[in-house]
Each structure stands twice: as C-alpha cells, then as structure tokens.
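Read the structure below first, then the notes.
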Amino acid sequence: MPGVGMLLVIVGAIFLTGAVAFYISRNVEHGEARFGPGGEQLPPQAPAAEKKDMSVTLTQSEKIDD
C-alpha cells in the first residue's frame, strides 16, 4: 500500500482548500461592488459630485506705481 500516504495528502489538501473557501465565503461581503445591500442593481458609475464654482475674477481698478 505505497499510495496511501499520497492519497492522504491529496484528501488533506482538498479538505484544507474547502476550509479556506468556506472561511472566505463567510467573512467576505459578496456583491457589494455590483449590487446594493438590498440586492438592487447599482449604476455602472457613481453619480458625479456636484461641483461648486471655485473661480475667482480679479480686476485692476487703478494703477499703482510704487
């Protein structure tokens, strides 16, 4: 029975892979990138933030020579 050790290694690796996948599935929030918390489809891009007018206009009212 020389292949029993290799069989145990393979079964152990499958078990550990399943355990890691189960841990990830329980601790990672799935679908939050495409779907909202209620399951509704989110738009492909976030709505653009409202931009405030930050421009400044300067005028020279008189000439100053120092």
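Please read all numbers here as calculations on a predicted model, not as lab measurements. Below, each value reflects all heavy atoms present in this structure, side chains not excepted, and no hydrogens, waters or symmetry copies.
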Tell me every residue that passes side-chain hydrogen bond (donor to acceptor under 3.5 Å, both in side chains) with Thr17, counting only those two or more places apart in sequence or in another chain.
none
Same apolar cluster: Met6 and Ile14, side chain cutoff 4.5 Å:
yes
Taking side-chain contact (heavy atoms from CB on, under 4.5 Å) as the test, write out the residues that go with Phe22, two or more places apart.
Ser25, Arg26
The criterion is side-chain contact (heavy atoms from CB on, under 4.5 Å); which residues satisfy it with Val56, sequence neighbours excluded?
Leu58
